[in-house]
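All ligand and atom numbering here is 1-based and tracks the order in the structure.
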Amino acid sequence: MSKKKRVVIALGGNALGNTLPEQMKAVKITAKAIVDLIEEGCEVVVAHGNGPQVGMVNNAMIALTHEDPQQPNTPLSVCVAMSQAYIGYDLQNALREEMLNRGIDNIPVATMITQVRVDPEDPAFKNPSKPIGKFVSQEQAKRMEENFHYIMKEDSGRGYRRVVASPKPVEIIEIGTIRNMVESGDLVIACGGGGIPVVRQGNHLKGASAVIDKDFASCLMAKELDADFLIILTAVEQVALNFGKPDETWLSDVSVEEAEKYIDQGHFAPGSMLPKVQAAVDFASSKPGRTALITLLEKSRDAVQGKTGTMFHL
Ligand code: ADP
Ligand code: MG
């Protein structure tokens with residue numbers, strides 16, 4: 001009998017929606033796509049983004065400081081932890097239910113609160129670029145800078161938003177536990193929102209004011225778990241050259257070498273498709289036999305069967 005293929009799935013924003021009720025609905029569809037892969041014989045590990053959710057939690061915690069002056073502001077690392085728990089709760093319930101509906105009752109599912117170490121010297125800390133939370137006026141932005149020492153930036157004429165650093169993941173602190181759970185056949189949700197960013201201070205792990213890109217964190221987890229596949233599920237079925245232009249060309253199969261050339265030619269938008277392609281290239285080039293796939297959530301089964309998606313290989 002051939003060994004089960006180990007698959008790390010990175011869920012994008014469309015897998016989770018933007019509000020509590022949207023998420024409740026979205027996870028049902030997401031769970032179907034994931035359980036499809038389990039039925040295909042894959043051993044699945046799930047990671048996910050948290051852009052809207054971490055912004056929502058962050059805003060809620062700011063509102064709390066207005067209501068109750070005794071409440072200090074909540075660090076961003078804690079907001080990421082809250083988002084992991086809340087998303088994991090919905091996702092693990094939806095997965096459990098979908099598996100039971102299909103008669104799969106021997107795969108326990110659980111969420112691992114995951115910390116990911118970053119380098120305090122990462123240049124991203126000197127150049128915070130990732131906008132989170134809601135848009136505010138110039139006066140509000142000034143107040144937030146004074147009260148919370150946030151860095152606020154004007155965002156393309158739409159108002160001011162907080163920007164945070166997006167450093168690269170260096171080490172997944174709980175990887176040993178995640179591996180044990182995967183080895184014993186559990187369905188694990190880990191590295192949510194790219195992981196809770198922490199820096200090492202001796203034996204202490206200190207939360208960092210940052211958000212790690214989930215595409216990079218998922219790639220690191222896939223390498224650490226020696227996965228066969230990294231599947232990045234997003235809002236497009238395939239990756240394109242000249243995306244959105246008349247000469248748009250959809251890619252089904254790309255070598256690492258070709259992908260690197262396309263990256264240099266600027267085909268992938270920073271902050272959306274670029275980190276995905278970079279993560280796919282990083283994973284596919286890390287060891288022979290490792291394959292990365294970028295596709296639409298609903299197409300994951302077809303993509304694993306080689307029918308669609310963009311596949312990256314050595
Ligand atoms: P996620 O929440 O899944 O991370 P993003 O919005 O960050 O999703 O990234 C996916 C989006 O990237 C697609 O919906 C598409 O609009 C955009 N995109 C940018 N460049 C490309 C490209 N070259 N090919 C395909 N999609 C692209
Ligand atoms: Mg994204």
Side-chain angles (χ1 to χ4, degrees), residues 7-19 22-23 25-27 29-30 33-34 46-56 80 83-84 87 90-91 129-133 155-156 158 161 163-164 166 168-169 189 191-195 211-222 229-256 258-283 292-300 303 308-312:
V7 177
V8 170
I9 295 182
L11 300 173
N14 64 331
L16 299 169
N18 292 303
T19 62
E22 268 182 38
Q23 181 169 301
K25 267 201 195 150
V27 290
I29 298 163
T30 303
I34 294 171
V46 181
H48 59 80
N50 73 345
Q53 295 82 3
V54 77
M56 179 177 79
V80 175
S83 77
Q84 280 189 353
I87 295 168
D90 269 357
L91 208 48
S129 58
K130 188 176 170 56
I132 60 157
D155 189 346
S156 27
R158 293 174 294 181
R161 269 178 108 188
V163 287
V164 299
S166 191
K168 291 284 183 309
I189 302 161
C191 286
V211 172
I212 302 167
D213 198 301
K214 67 104 175 39
D215 299 314
F216 296 137
S218 308
C219 172
L220 179 59
M221 180 160 72
F229 280 98
L230 169 66
I231 305 184
I232 301 178
L233 297 180
T234 185
V236 285
E237 187 164 336
Q238 291 184 310
V239 178
L241 299 181
N242 304 310
F243 179 66
K245 299 188 186 136
D247 54 348
E248 183 176 72
T249 315
W250 300 101
L251 300 167
S252 32
D253 196 278
V254 216
S255 71
V256 161
E258 287 168 324
E260 278 168 345
K261 188 180 73 193
Y262 299 147
I263 290 174
D264 289 343
Q265 291 171 349
H267 285 284
F268 314 120
S272 61
M273 192 45 77
L274 182 60
K276 294 182 208 316
V277 175
Q278 286 173 326
V281 166
D282 182 352
F283 182 70
L293 267 170
I294 299 178
T295 194
L296 199 62
L297 176 71
E298 294 82 354
K299 297 281 176 167
S300 47
T308 186
T310 305
M311 183 181 280
F312 298 78

Would you find a donor on one side and an acceptor on the other, under 3.5 Å apart, between the side chain of Q53 and the backbone of Q84? no

A235 heavy atoms within 4.0 Å reach ligand 1 at atoms 14 (O)

Using distance alone, decide if ligand 1 has a nitrogen or oxygen within less than 3.5 Å of any nitrogen or oxygen in N14. no

Below 3.5 angstrom, do we get any N/O pair linking Q238 and ligand 1? no

Using only atom types and a distance under 3.5 Å, with no angle test, would you say the side chain of N14 pairs donor to acceptor with the backbone of T234? yes

For atom 19 (C) of ligand 1, state which one of M273, K214, E248 supplies the nearest heavy atom. M273

Residues at least two apart in sequence or cross-chain that pass side chain to side chain donor-acceptor pair (under 3.5 Å) with T308, listed by chain then number, are E237

Give the C-alpha distance, both sets of side-chain angles, the deciding distance and a yes or no for side-chain contact (heavy atoms from CB on, under 4.5 Å) between L230 and F312. CA-CA 10 Å; L230 169 66; F312 298 78; over 6 Å; no

Return yes if some donor-acceptor pair links the side-chain N/O of S166 with the main-chain N/O of V211 below 3.5 Å, else return no. yes

Mark up the atoms of ligand 1 that fall under 4.0 Å of a heavy atom belonging to G12, in ascending order. 1 (P), 2 (O), 3 (O)

Partner set under salt bridge (charged side-chain N to carboxylate O under 4.0 Å, His left out) for D90, not counting sequence neighbours: none

Which atoms from ligand 1 have a heavy atom of S272 less than 4.0 Å away? 5 (P), 7 (O), 9 (O), 12 (O), 17 (C), 19 (C)

Audit row: H48, T30, side-chain contact (heavy atoms from CB on, under 4.5 Å) steps and yes/no: CA-CA 11 Å; H48 59 80; T30 303; over 6 Å; no

May I ask you to list the atoms of ligand 1 that are less than 4.0 angstrom from any heavy atom of A240? 22 (C), 23 (N), 24 (N), 25 (C)

Please confirm whether the backbone N or O of V239 pairs with a side-chain atom of T310, one donor and one acceptor, at under 3.5 Å? yes

Subset of ligand 1 atoms that lie under 4.0 Å from at least one heavy atom of F268: 23 (N)

Flag K276 as yes when one of its N or O atoms lies below 3.5 Å from any N or O atom of ligand 1, and as no otherwise. yes

Check contact between G271 and ligand 1, using heavy atoms of the residue and a distance below 4.0 angstrom. yes

Which ligand 1 atoms, with their elements, are less than 4.0 angstrom from a heavy-atom of G13? 1 (P), 2 (O), 3 (O)

